[in-house]
Student: 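I have a structure here, written as structure tokens, and I will follow up with some questions on it.
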Amino acid sequence: MIIAIDGPAGSGKSTIARKVAESLGFYFLNTGSFYRAYTLSALRNGIDPLDKDAVLECAKKTSITVRDGAICIDGIDEEANLHTSAVDKYASQVSSDPRIREMVNSAVRKIAEGMNIVTEGRDTTTVIFPNADFKFYFDAAPEVRAERRLKDQPDEDFETILRSIKERDKRDIEKATGALKIAEDAEYIDTSLLTINQVCERVIKTVRKDS
Ligand code: DC
């Protein structure tokens with residue numbers, strides 16, 4: 001079974017998808033981590049992350065696997081290095097190359113084969129798994145999402161985070177392929193005023209009711 005969740009940065013997707021997966025005994029797969037891993041690999045190799053052809057060449061030589069839920073680059077667990085500000089800054093540009101998107105989509109579909117998974121990203125309900133058993137779209141006001149990020153990054157200031165969230169939303173929505181959009185058959189949940197547990201309960205209730 002595939003449960004797919006999309007939504008903008010800071011809508012609570014990762015935290016909630018992970019918790020739902022734990023509750024149901026499913027595997028959790030964060031598709032954004034693949035873009036982050038290709039970005040990290042490019043930065044480590046001294047490649048300009050905005051040079052699309054060079055990033056692609058580097059990605060072709062980079063092996064990305066998932067071991068015990070952690071992303072590994074060339075066999076080494078790099079999960080802890082995927083959320084630095086440099087990776088945050090460039091992952092969205094790297095993810096705008098349709099050739100990189102195709103690589104990520106095939107890798108994700110292959111991993112998911114025959115498994116029960118909860119996956120999340122920007123296009124898991126529309127492009128990667130258009131036939132997912134359950135689809136959700138999480139949303140929240142940009143100010144709420146900025147407040148959430150501020151808790152994780154207390155050294156930053158609110159206005160800077162809010163600006164970067166809005167810029168990221170714009171890039172995610174305007175992407176030529178894999179743009180963030182609400183699938184027609186997705187359940188829309190505004191998480192602005194809900195706790196993590198309330199959202200998890202809502203997802204699990206839908207899944208239990210219809211399966
Ligand atoms: O969810 P995240 O912040 O870890 O994602 C990292 C970047 O990858 C972000 O800029 C959005 C992009 N992304 C995407 O384009 N498609 C996905 N399915 C997942 C993430």
Side-chain angles (χ1 to χ4, degrees), residues 2-21 28-43 49-50 52 55-56 59 62 64 66 69-71 73 78-112 117-130 132 135-140 142 145-146 148-153 156 161-183 186 191:
I2 293 173
I3 301 173
I5 304 172
D6 286 328
S11 56
K13 294 180 313 273
S14 294
T15 312
I16 292 158
R18 192 183 293 277
K19 273 189 89 114
V20 168
F28 167 63
L29 199 54
N30 176 334
T31 59
S33 296
F34 286 73
Y35 295 107
R36 287 177 179 273
Y38 283 133
T39 307
L40 179 63
S41 178
L43 289 168
L50 303 181
K52 288 187 188 295
V55 170
L56 181 70
T62 304
I64 298 182
V66 183
I71 287 277
I73 301 179
E78 298 283 3
E79 197 62 41
N81 301 315
L82 297 181
H83 293 270
T84 61
S85 50
V87 174
D88 264 359
K89 186 167 167 201
Y90 294 113
S92 131
Q93 272 99 341
V94 169
S95 75
S96 69
D97 185 334
R99 301 167 298 178
I100 296 273
R101 300 201 70 81
E102 209 28 70
M103 288 172 70
V104 170
N105 295 351
S106 338
V108 170
R109 289 187 191 117
K110 197 153 175 238
I111 292 170
I117 66 158
V118 182
T119 186
E120 58 96 353
R122 303 295 188 285
D123 62 347
T124 66
T125 59
T126 52
V127 177
I128 311 184
F129 298 114
K135 297 182 182 181
F136 297 89
Y137 186 95
F138 291 177
D139 212 349
R145 293 187 278 129
R148 290 175 182 164
R149 277 288 137 98
L150 190 61
K151 286 200 184 111
D152 294 338
Q153 299 167 344
E156 297 273 353
I161 295 180
L162 182 60
R163 200 172 334 113
S164 101
I165 279 190
K166 286 184 175 169
E167 281 166 11
R168 197 126 57 107
D169 283 356
K170 189 167 170 342
R171 277 202 297 270
D172 284 344
I173 289 165
E174 290 178 352
K175 237 175 241 154
T177 47
L180 174 65
K181 54 179 172 241
I182 309 173
T191 69

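As the structure is a prediction and not an experimental result, all values here were calculated from the model. Any value given below was found using the heavy atoms of this structure, including those in side chains, with hydrogens, waters and symmetry copies removed. Whatever order the structure lists ligands and atoms in, that order sets their numbers, starting from 1. Nothing fancy with the numbering, it's 1 onward along the sequence.
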Student: Restricting to ring-ring contact (aromatic ring centres under 6.0 Å, His included), what partner residues turn up for Y90, sequence neighbours left out?
Tutor: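 Scan of Y90 (ring-ring contact (aromatic ring centres under 6.0 Å, His included), adjacent residues dropped) gives none.
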Student: Going from OG1 on T191 to CD1 on I16, what distance comes out if it is rounded to the nearest 0.5 angstrom?
Tutor: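 Those atoms lie 6.0 Å apart.
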Student: Is it true that D172 and R122 have a side-chain N and a carboxylate O under 4.0 angstrom from each other?
Tutor: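 Looking at D172 and R122, the cut-off is met.
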Student: For the pair R145 and D169, find out whether any cationic side-chain nitrogen is under 4.0 Å from an anionic carboxylate oxygen.
Tutor: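 Yes.
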Student: Who are the residue neighbours of ligand 1 when the rule is a heavy atom under 4.0 Å from any of its atoms?
Tutor: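 Residue list for ligand 1: T31, G32, Y35, R36, A91, S92, S95, R101, G121, R122, D123, R168, D172, K175.
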Student: Looking at D88 and R36, does any basic side-chain N land under 4.0 Å from a carboxylate oxygen?
Tutor: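 Salt bridge flag = yes for R36 with D88.
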Student: Pick from I111, N105, L82: which one makes a side-chain contact (heavy atoms from CB on, under 4.5 Å) with F34?
Tutor: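 Answer to the side-chain contact (heavy atoms from CB on, under 4.5 Å) test with F34 among I111, N105, L82: I111.
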